[in-house]
Peer 1: 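Handing you this structure, nothing more for now.
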Amino acid sequence: MNFKKHSAAKVVKIAIMLALCAGFAPAPQAHAQSPAGHPDWPGKGQLFVGTCYQPIDRSPAQIKHDIAIMKNAGFTMVRMGDLSWDSFEPSEGQFEFEWFDKILAQMHAAGIKVIVDIPGLPAPIWLHQNYPGVDIVNQDGVRLHPATRYSDNISDPDYRRLTRQLAVKMLERYAHNPAVVAVGYDNEVGSSPMSYSESDRGRFIVWLKQRYGTIAALNKAWATQRWSRRINDWNQVYLPYGNGPGPNERNLDLHRFWSDVTIADLTDLDNVRKKYAPNLPAVSNLWPNAPAKGFNYLRSWDQYSTYGAEGFYPNPDDPMSAAFEVMMVKAGHQTPVWFNEFTAGGGGDYGMPGRSRMWAYFGLVYYSQTYLAWTFNSHIGGEEQSLFGLLDHDGRPSWKVSEFTTIAGEFKKLQTMGFPRYQQPQVAIEDSYETEWVTNPPPGPNTMKQYVTDNYSDQLKAAFKPFYRDNIDTAVIDIAHDPIDHYKLVLLPATYVMDQPTADAIRHYVANGGTVIMTGYSAKVDETGKWFETPLPGRLADVFGLRTSQFYRSKQPLKISFGGKQLTGLDGYYEVLEPSTAKVLATFGNTPQKGPAITINHFGKGKAIYLATASQAAFIAPLVRSLYAQLDIQRGPDTPSGVVARVVDGRTLYVNTNEEPATVSFTGTKRDVLTSSSHDRTLNLPGHGVALIQ
């Protein structure tokens with residue numbers, strides 16, 4: 001499409017109109033209601049085991065039979081409504097709820113609570129036909145029909161209007177239904193593609209005007225003097241290409257724009273809940289780190305969620321990453337995590353006996369409260385016909401029903417033993433949405449990947465790994481959004497983008513007695529994505545008491561002398577530190593200058609520690625362990641590799657994530673609450689085995 005056919009005035013006028021119609025204009029920040037003052041909302045001493053259920057796939061006779069199976073299994077919750085917009089509204093303005101009413105009544109009679117999902121994604125075919133603005137236009141200007149799920153432009157004002165209307169109708173009807181316990185929005189929101197229509201461009205221009213105010217400010221933010229790309233009026237603004245090419249500054253604003261669109265959509269729906277169903281909490285199956293688009297969940301979670309929730313499909317070979325993802329979803333919530341979708345089998349995976357039970361107990365370790373198997377009946381058609389649920393394709397219950405029956409029965413007992421967990425973490429790790437996108441630019445001419453050669457997510461997990469191994473609870477948050485004064489230690493692994501709110505949070509935390517560790521690659525660029533023209537680390541050179549500009553890459557793995565030992569890393573990147581007030585704690589052993597590798601600076605009442613290389617567990621682990629005693633960080637139970645554990649109400653929960661057996665040692669003779677068996681000084685856990693020892 002040729003954007004130049006439109007005058008600047010016309011583009012902006014259309015954009016403003018569309019933005020206002022979509023409710024996109026900035027509004028006072030709203031917050032999802034807290035459980036405080038809602039004793040009827042799920043809380044301490046409540047665990048839920050159940051399933052995701054799509055009754056649209058089932059006949060009335062099958063539904064009755066399915067609910068009987070759920071009841072006999074001891075299921076206490078299901079999630080329904082998602083992926084079913086055209087079952088509630090088969091054509092525009094024609095609503096049909098009686099079929100759902102009957103199923104809710106049956107669930108209530110069976111003692112099963114229901115999360116009702118407002119199914120804003122995917123949108124029905126009729127909506128696409130009536131309102132073509134809902135179609136995705138790819139970056140080549142080609143309009144795409146909704147060939148696959150989530151092919152919906154959620155910035156379109158008609159989409160937003162009709163989604164809100166659907167939410168109003170559903171919550172007016174179900175707010176006080178005795179079966180309904182919570183509300184969810186837009187399954188896996190964050191996963192729909194970016195769109196490049198003229199209307200999207202207009203909305204982007206409105207967003208830029210709200211952010212920067214003037215063309216001059218935009219030019220400065222985007223460094224448009226480079227490559228003769230100055231912008232003289234708003235009509236010269238194009239939507240950056242999400243799939244490349246393009247410079248970092250514009251790519252960052254592109255993702256910010258779509259993030260704000262997504263957050264506005266979720267906030268719209270939560271405002272409907274507050275008006276029509278304030279008695280129900282918000283618990284949505286979100287996908288904030290979806291590779292297509294995602295959104296800045298960690299800086300906005302409290303605007304639309306009461307409980308952090310996710311689809312939990314862990315890699316059996318990487319439980320540490322699973323733990324990290326759960327803690328990211330928990331964010332700053334004071335409430336537990338809900339697995340709105342929970343691993344039973346999977347795509348091309350029938351399942352493995354004992355594995356789901358192990359992951360359920362793993363979830364207990366990591367603050368989880370709700371476990372809803374995806375899915376109840378294996379799908380006979382569509383994109384997930386080879387995704388295997390609790391019932392086989394012929395409707396026969398598989399062995400997985402028995403396994404989830406066991407989980408439900410055991411968790412009913414555990415509700416009186418301190419689960420779900422509410423103890424707050426001692427340590428926090430900064431996870432920057434903007435660093436993720438800046439350091440992973442789209443394809444095209446860009447030197448970023450020549451500089452930051454490791455994935456940002458891998459560096460985050462490298463910082464998380466020592467605490468995971470030491471069984472220490474560790475929050476994953478945006479420290480510019482969530483208060484950090486109560487944490488004993490805060491880590492910033494490769495926080496490349498250092499905006500003013502984040503810098504202010506660090507400065508305040510350290511000045512008031514906190515201890516922070518920041519690694520190389522951090523504080524290189526400001527919130528526009530441009531390198532600081534001040535001493536590095538930008539905005540924090542005085543807090544860390546040093547300057548660092550030079551960097552090099554060793555051809556050999558880096559070696560650091562620390563605590564009387566020589567440590568060897570994996571990444572050769574290192575920075576040359578020029579301490580001013582900082583003191584050297586460790587030096588590189590095999591770099592030409594053998595310069596400082598770890599420094600510490602006393603700033604105010606606290607300490608700022610800098611690790612002059614990439615975030616690497618080999619270096620971070622001994623560093624943080626050297627701080628445990630002085631910071632009063634309590635290490636968790638000592639366990640062999642692959643076994644996670646926590647002490648809960650005087651009992652110790654052990655979970656063996658390995659397929660092979662593992663042996664745990666302790667003092668004295670203790671009893672396994674789950675089996676009533678006694679164990680003298682050792683506990684032999686089978687592969688995927690669990691035990692609750694007292």
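Predicted model, so just to flag it, every value in this text is computed and none were measured.
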Peer 1: Passes side-chain contact (heavy atoms from CB on, under 4.5 Å), Q54 versus D82? Steps please.
Peer 2: CA-CA 8 Å; Q54 280 75 46; D82 56 308; 3.4 Å; yes
Peer 1: Tell me whether the centres of the aromatic rings in F88 and W99 are closer together than 6.0 Å.
Peer 2: yes
Peer 1: Answer yes or no on whether R421 is positioned over the face of Y367, meaning its NZ or CZ is under 6.0 Å from the six-membered ring centre and within 45° of the axis.
Peer 2: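 Cation-pi check for R421 and Y367: passes.
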Peer 1: Would you kindly check if the NZ (Lys) or CZ (Arg) of K113 is within the cone defined by 45 degrees around the ring axis of F48 and under 6.0 Å from the six-membered ring centre?
Peer 2: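 Pair K113/F48 does not count as cation-pi.
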Peer 1: What heavy-atom pair brings T76 and L47 nearest, and what distance separates the two atoms?
Peer 2: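 Minimum heavy-atom contact is OG1-O, 4.1 Å.
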Peer 1: Under the criterion side-chain hydrogen bond (donor to acceptor under 3.5 Å, both in side chains), I'd like the reasoning laid out for S356 against K400: C-alpha separation, chi angles, the key distance, then a yes or no.
Peer 2: CA-CA 8 Å; S356 289; K400 287 173 279 188; over 6 Å; no
Peer 1: Answer yes or no: does atom CD1 of I380 have more than 12 heavy-atom neighbours from other residues, nucleotides or ligands under 6.0 Å?
Peer 2: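 12 or below, so no.
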Peer 1: Apply side-chain hydrogen bond (donor to acceptor under 3.5 Å, both in side chains) to the pair D66 and Y53, showing each step before the final yes or no.
Peer 2: CA-CA 9 Å; D66 292 343; Y53 190 52; 2.6 Å; yes
Peer 1: Show, in sequence, the C-alpha distance, side-chain angles and deciding distance for W85 and E89, and conclude whether the side-chain hydrogen bond (donor to acceptor under 3.5 Å, both in side chains) test is met.
Peer 2: CA-CA 6 Å; W85 187 338; E89 190 178 6; 2.9 Å; yes
Peer 1: How long is the gap from CG on L166 to CG on L269, to the nearest 0.5 Å?
Peer 2: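 So the CG of L166 and the CG of L269 are separated by 9.0 Å.
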Peer 1: Got a sec, which pairs hit ring-ring contact (aromatic ring centres under 6.0 Å, His included) with one end in residues 128-162, sequence neighbours left out?
Peer 2: none
Peer 1: With no hydrogens and no angle check, do the side chains of D101 and Y174 hold a donor and an acceptor under 3.5 Å apart?
Peer 2: yes
Peer 1: Are H481 and D302 close enough, and set up right, to give a side-chain hydrogen bond (donor to acceptor under 3.5 Å, both in side chains), and what steps lead you there?
Peer 2: CA-CA 10 Å; H481 181 270; D302 55 343; 2.9 Å; yes
Peer 1: Of all the heavy-atom pairs spanning V283 and N340, show the shortest one and how long it is.
Peer 2: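 Result for this residue pair: O-ND2, 3.4 Å.
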Peer 1: Checking D478 against W301: is there a side-chain donor and acceptor pair closer than 3.5 Å?
Peer 2: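 Not at all, the side chains of W301 and D478 share no donor-acceptor pair under 3.5 Å.
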Peer 1: State whether R256 and D260 are salt-bridged, where the test is any N-O pair (Lys NZ or Arg NE/NH1/NH2 against Asp/Glu carboxylate O) under 4.0 Å.
Peer 2: no
Peer 1: Of the options Y361, F404, F419, F75, which is the one that meets F411 in a ring-ring contact (aromatic ring centres under 6.0 Å, His included)?
Peer 2: Y361
Peer 1: Specify the closest pair of heavy atoms between S151 and A147, including all atoms of both residues, with the distance to one decimal.
Peer 2: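 For S151 versus A147, the nearest heavy atoms are OG-N, 4.3 Å.
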Peer 1: If the threshold is 4.0 Å, N to carboxylate O, is there a salt bridge linking E188 and R149?
Peer 2: no
Peer 1: Set out, in order, the CA-CA distance, both residues' side-chain angles and the distance that settles side-chain contact (heavy atoms from CB on, under 4.5 Å) for S155 and D200, then state yes or no.
Peer 2: CA-CA 7 Å; S155 75; D200 292 307; 2.9 Å; yes
Peer 1: Which atom names give the shortest non-hydrogen contact between N153 and I136, and what distance separates them?
Peer 2: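 Closest approach of N153 to I136: N-CD1, 3.7 Å.
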Peer 1: Can you classify the ring geometry of F257 versus F204 as parallel (below 30°), tilted (30 to 60°) or perpendicular (above 60°)?
Peer 2: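 Perpendicular.
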Peer 1: Ring-plane angle category for F339 and F312, please: parallel below 30°, perpendicular beyond 60°, tilted otherwise.
Peer 2: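 Rings of F339 and F312: parallel, as their planes differ by under 30°.
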Peer 1: Exactly one of R161, K275, R160, R273 should register a salt bridge (Lys or Arg N to Asp or Glu O under 4.0 Å) with D268. Which one does?
Peer 2: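 Result for salt bridge (Lys or Arg N to Asp or Glu O under 4.0 Å) with D268: R160.
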Peer 1: Considering only NZ, NE, NH1 and NH2 on the basic side and carboxylate oxygens on the acidic side, decide whether R79 and E341 come within less than 4.0 Å.
Peer 2: yes
Peer 1: When rounded to the nearest 0.5 angstrom, what distance separates CG in L298 from OG in S432?
Peer 2: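 Atom-to-atom, L298:CG and S432:OG are 9.5 Å apart.
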Peer 1: I'd like to know whether the aromatic ring centres of H31 and Y304 sit less than 6.0 Å apart in this structure.
Peer 2: no
Peer 1: For a ring pair (Phe, Tyr, Trp, His ring centres under 6.0 Å) check, start with the C-alpha distance between H393 and F388, then their side-chain angles and the critical distance, and finish with the verdict.
Peer 2: CA-CA 8 Å; H393 287 90; F388 299 88; 5.6 Å; yes
Peer 1: Between E92 and Q94, does any side-chain donor sit less than 3.5 Å from a side-chain acceptor?
Peer 2: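 No - no donor-acceptor pair under 3.5 Å links their side chains.
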Peer 1: Angle class for the H38/W41 ring planes (parallel below 30°, perpendicular above 60°, tilted otherwise)?
Peer 2: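 H38 and W41: parallel rings.
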Peer 1: What is the distance from atom OG1 of T439 to atom CD of E434, rounded to the nearest 0.5 Å?
Peer 2: 11.5 Å
Peer 1: Looking at R201 and E198, is there a salt bridge between them, counting it only when a charged N and a carboxylate O are closer than 4.0 Å?
Peer 2: yes
Peer 1: Is the shortest side-chain N to carboxylate O distance from R355 to D349 below 4.0 Å?
Peer 2: yes
Peer 1: If you round to the nearest 0.5 Å, how far is CG of D431 from OH of Y297?
Peer 2: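 CG of D431 is found 11.5 Å from OH of Y297.
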Peer 1: So which atom in S195 and which in V137 form the shortest heavy-atom distance, rounded to 0.1 Å?
Peer 2: OG-N, 3.0 Å
Peer 1: For atom OH of Y241, decide whether the heavy atoms of other residues, nucleotides or ligands shown that lie under 6.0 angstrom number more than 12.
Peer 2: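 Counting neighbours around OH of Y241, 12 or fewer heavy atoms of other residues, nucleotides or ligands fall under 6.0 Å, so no.
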Peer 1: Grab the two heavy atoms, one from P336 and one from Q369, that are nearest each other, plus how far apart they are.
Peer 2: CG-OE1, 3.4 Å
